[in-house]
There are 2 protein chains.
Amino acid sequence: MVWKVGYSMANIQEVAKKAGVSVATVSRVLNHHPSVTPKTRVKVENAIRELNYEPSMLGRNLRNSESRLLLVLIPSISNPFYTEIINGIQTTAIKHRYNILLCETNSDSRRENIFFNMVKNKLADGIISMDPTINRQKLTELAEHHSVILCSEYMEDGSIPYVTIDNERAAYQAVKHLIILGKKKVALINSDERFLYARQRRRGYEKALMEFGLPITDAFIYNTNELNFHDGVQAMRMLLRTVEKPTAVFAVSDTLAIGALKEINASGLKAPEDIAVVGFDNISFSNMSNPTLTTIAQPMYKMGATAATMLINQIQNKQVESIVLEHELIIRESTMG
Amino acid sequence: MVWKVGYSMANIQEVAKKAGVSVATVSRVLNHHPSVTPKTRVKVENAIRELNYEPSMLGRNLRNSESRLLLVLIPSISNPFYTEIINGIQTTAIKHRYNILLCETNSDSRRENIFFNMVKNKLADGIISMDPTINRQKLTELAEHHSVILCSEYMEDGSIPYVTIDNERAAYQAVKHLIILGKKKVALINSDERFLYARQRRRGYEKALMEFGLPITDAFIYNTNELNFHDGVQAMRMLLRTVEKPTAVFAVSDTLAIGALKEINASGLKAPEDIAVVGFDNISFSNMSNPTLTTIAQPMYKMGATAATMLINQIQNKQVESIVLEHELIIRESTMG
DNA sequence: CGATTGTTTGTAATCGATTACAAATTTGTT
DNA sequence: AACAAATTTGTAATCGATTACAAACAATCG
């Protein structure tokens, strides 16, 4: 493979020479400038073809200081929650001649920094962050001079535009659904409450209980470290050990809920008869579990598409407003066997 | 947000002026060149701090024609199969001061092109492709002058270095496991056989049947379009309609296998008693299913790490050899209740 | 002190594109 | 044909870094 050394693609100068024109003309052809004679255009196009030339994005970006690249920050690619959102982002971006690059931060601030710098250094035009663990301080600083949009998780101070759903109301509806089914002892499997969405969903949970005159019991609220299947199993295990066992569970993510289902099953109980379960996110596996999972569906594709549109508008210095989208309760076997 | 217009980060000239030195000296400080007096270094570092300066990757990359960015091509982020591989790639890359960007192609050749061009244009230093649907022609062309490594799916002509497992032997072992359990009617849920791995796994399946003197029945081989859960359901449904119903199923992906499990369950049968099931990939959901899934585990992290090491070596013009890694059969409830 | 050597710093070319402005060419008019 | 106007093309500066080479400066020694 040593022969690869020293190879380098033809540049605009060589194309110009081969076509017998100036670099300016070649550049004009590349950018579809109207003031180029058909005859010279053909000459240049031939030269381009013969030399297999492709313009260097580096040179171009350096000069134009734009890259038409958008970064999408996610904490972890393994979370299926992001799949459809990314789809929405990507489709929208491409429609506007932008491309996206996925950046997995693993909640590691050094990686975050790298991606922030890509924006500062014009290697990318903007960022959509879906990482709830992100360094808010640094992100806010970045947003002072660069384009940033938050998707799903956001900051309450509103300093950065966001697109999200009404987490409190969604949780409220999920829990209300359980209560109306006759379940009086509803537990909550929540994630870490330093995340905004966790606090909001807890508020919704409590609001529903209060509305129906049910007590809010600390023993029925379990906070997990992560959103893993195993955390769901563990959470359910603890909830089953309480004196008054719950008859329903609202978990703030489908993965947690599926873990809870597994543990319910393992301990000889049946969902929904003994314990009904509601999840959150409507990931594709929520339809594959046994029983299938009742869950809150976020308009993921639309969230992604909206975030992308907002980001592109912001890059083009248009005014951008935060948006709250509608969610939907999807009822399946885990609550209505 | 209009005030963002015209903002631009300080450049090396301004730092030089503020520090009262030349740009060369600033550059030397940035690159930790030894020949800089501590006194001037401090002056420059102060100026850098005061101006909040960060060097432009564009300028630097243009000059150095390297970006220290690696592209990772995946057909779809939704496939959990890639998660651990990417983890391995990323960890290795960072160890060598490279960063990775995930590129979801959705098997769309226009997107492929964009990413290929990023490499041609030095916006990225190399590509690891895990996309079996990739345009082989174009990839081979790219690999003539740029660094490319294939991961998992590869080309038999060996023109591009790859890291993979022995698919044929893995399939052989999976099927042999089923046969040894006493199952004599083993079906195969395979994906599209224009993919190399699909052809190889089919060969392993047939080899195991032949070795035990079992017939190879066309009716027991079902090819799906995608690796979805629903394709698994559909496949199983068809297999259950055959005259001689299978007593075991080997599916070439866990998602397919989980779909098959679901359908087995839905039709009142039990796994593994009535029909045993083996999957492939050991995705995290494979031990959340009910029953948990027997499967072939690929050394995903190691595959990723190996691919990254190979790519970086290739970028640095070292000799690179293709590698075949070891897999493992993981026995769970779906074959041994 | 002046010559020689070694160290630190600066000057200017370079990477590959875009584009304002100038120059050249074509077209139109009388 | 001569000139003005409009169109097309070219020249050269520019984006922000790196680095070969030259220049300035400091240190060493007879």
Side-chain angles (χ1 to χ4, degrees), chain A residues 6-45 47-48 51-69 117-125, chain B residues 6-45 47-48 51-69 117-125:
Chain A
Y7 166 86
S8 106
M9 173 158 292
N11 60 15
I12 199 171
Q13 325 278 347
E14 302 175 47
V15 174
K17 190 192 286 179
K18 171 145 234 156
V21 299
S22 72
V23 290
T25 304
V26 176
S27 177
R28 290 192 188 100
V29 170
L30 290 174
N31 295 289
H32 306 106
H33 216 273
S35 74
V36 180
T37 294
K39 198 168 49 171
T40 43
R41 190 206 320 289
V42 169
K43 275 195 300 183
V44 172
E45 281 166 351
I48 288 175
L51 293 175
N52 237 306
Y53 166 80
E54 309 233 18
S56 156
M57 291 186 189
L58 280 176
R60 175 176 288 177
N61 293 352
L62 176 59
R63 180 60 220 229
N64 292 349
S65 58
E66 74 157 13
S67 62
R68 303 202 80 83
L69 239 42
N117 280 338
M118 285 187 65
V119 176
K120 287 193 196 158
N121 301 331
K122 311 278 183 128
L123 267 178
D125 292 345
Chain B
Y7 167 84
S8 104
M9 173 159 293
N11 60 14
I12 200 171
Q13 325 278 347
E14 302 175 47
V15 174
K17 190 194 284 180
K18 171 144 233 161
V21 299
S22 74
V23 291
T25 303
V26 177
S27 177
R28 291 195 187 97
V29 171
L30 289 174
N31 295 289
H32 306 105
H33 215 274
S35 73
V36 181
T37 295
K39 198 167 51 175
T40 43
R41 189 206 321 289
V42 170
K43 275 197 300 185
V44 172
E45 281 166 350
I48 288 175
L51 293 176
N52 238 305
Y53 166 79
E54 309 232 18
S56 155
M57 291 185 188
L58 281 176
R60 176 175 289 176
N61 294 351
L62 176 58
R63 181 58 220 232
N64 292 348
S65 60
E66 73 157 13
S67 62
R68 303 204 79 83
L69 241 41
N117 280 338
M118 284 186 65
V119 177
K120 287 193 196 157
N121 301 331
K122 311 278 184 131
L123 266 179
D125 293 344

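Just so we're on the same page: letters track the sequence lines, and every chain starts at 1.
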Does B:Asn11 reach the main-chain N or O of B:Gln13 with its side chain, forming a donor-acceptor pair under 3.5 Å?
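The answer is yes, because a donor-acceptor pair under 3.5 Å joins these two groups.
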
Using only atom types and a distance under 3.5 Å, with no angle test, would you say the side chain of A:Ser56 pairs donor to acceptor with the backbone of A:Leu58?
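Yes; judged by distance alone, with no hydrogens or angles, the pair exists.
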
Under 4.0 Å, counting only non-hydrogen atoms across every strand here, what does B:Ser65 touch: a base, just sugar-phosphate, or nothing?
nothing

Nearest-Å distance for atom pair [atom1]/[atom2], residues [X] and [N]:
X: A:Asn121; N: D:dC15; atom1: CG; atom2: P; value: 17 Å
X: A:Gln13; N: C:dC15; atom1: CD; atom2: P; value: 8 Å
X: A:Lys43; N: D:dT8; atom1: NZ; atom2: P; value: 14 Å
X: A:His33; N: D:dT8; atom1: NE2; atom2: P; value: 11 Å
X: B:Lys39; N: D:dA26; atom1: NZ; atom2: P; value: 9 Å
X: A:Leu51; N: C:dA17; atom1: CG; atom2: P; value: 12 Å
X: B:Glu14; N: D:dC15; atom1: CD; atom2: C1'; value: 13 Å
X: A:Arg63; N: C:dA17; atom1: CZ; atom2: P; value: 13 Å

State the CD1-NZ distance between B:Ile48 and B:Lys43, to the nearest 0.5 angstrom.
13.0 Å

So does B:Asn31 get a side-chain nitrogen or oxygen closer than 4.0 Å to the phosphate oxygens (OP1/OP2) of D:dT18?
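Looking at the OP1 and OP2 atoms of D:dT18, one of them is under 4.0 Å from a side-chain N or O of B:Asn31.
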
A:Thr37 vs D:dT9: side-chain N/O to OP1/OP2 distance below 4.0 Å
yes

Can you list the steps and then say if B:Glu14 with B:Lys18 is a side-chain contact (heavy atoms from CB on, under 4.5 Å)?
CA-CA 6 Å; B:Glu14 302 175 47; B:Lys18 171 144 233 161; over 6 Å; no

Are B:Leu69 and A:Met118 close enough, and set up right, to give a side-chain contact (heavy atoms from CB on, under 4.5 Å), and what steps lead you there?
CA-CA 11 Å; B:Leu69 241 41; A:Met118 285 187 65; 4.0 Å; yes

Of A:Tyr53 and B:Thr40, whose nearest nucleotide on DNA chain C comes first from the 5' end?
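The 5'-side residue here is B:Thr40.
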
Could you pick out which residue, B:Ser35 or A:Asn64, lies toward the 5' side of DNA chain C when each is mapped onto its nearest nucleotide?
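Going by which nucleotide is closer to the 5' end, it is B:Ser35.
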
Double-helix bend of the helix from C:dC1-D:dG30 to C:dT30-D:dA1, axes at both ends from 5 pairs, round to 10°, gives 50°

Does any part of the side chain of A:Arg60, heavy atoms only, come nearer than 4.5 Å to the side chain of A:Asn31, both counted from C-beta?
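When only atoms from C-beta onward are counted, A:Arg60 and A:Asn31 do touch, with a gap below 4.5 Å.
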
For residues B:Ile12 and B:Ser27, determine if any side-chain heavy atom of one lies less than 4.5 Å from a side-chain heavy atom of the other.
yes

Could you tell me which non-hydrogen atom of [X] sits nearest to which non-hydrogen atom of [Y], and how far apart they are?
X: A:Lys122; Y: A:Ser67; result: O-CB, 3.7 Å
X: A:Asp125; Y: A:Arg68; result: OD2-N, 2.7 Å
X: A:Tyr53; Y: A:Leu30; result: OH-CD1, 3.7 Å
X: B:Met57; Y: A:Asn121; result: CG-ND2, 3.3 Å

Could you walk me through whether B:Val29 and B:Val21 satisfy the side-chain contact (heavy atoms from CB on, under 4.5 Å) test, starting with their C-alpha distance in whole Å, then the side-chain angles of each, then the deciding distance to 0.1 Å, before giving a yes or no?
CA-CA 11 Å; B:Val29 171; B:Val21 299; over 6 Å; no

Name every residue in residues 18-28 of chain A that has at least one heavy atom under 4.0 Å from any atom of DNA chain C, in order of residue number, or write none if there are no such residues.
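Residues of residues 18-28 of chain A under 4.0 Å from DNA chain C: A:Ala24, A:Ser27, A:Arg28.
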
Got a sec? Which of residues 55-62 of chain B come in under 4.0 Å of DNA chain D, heavy atoms?
B:Pro55, B:Ser56, B:Gly59, B:Arg60, B:Leu62

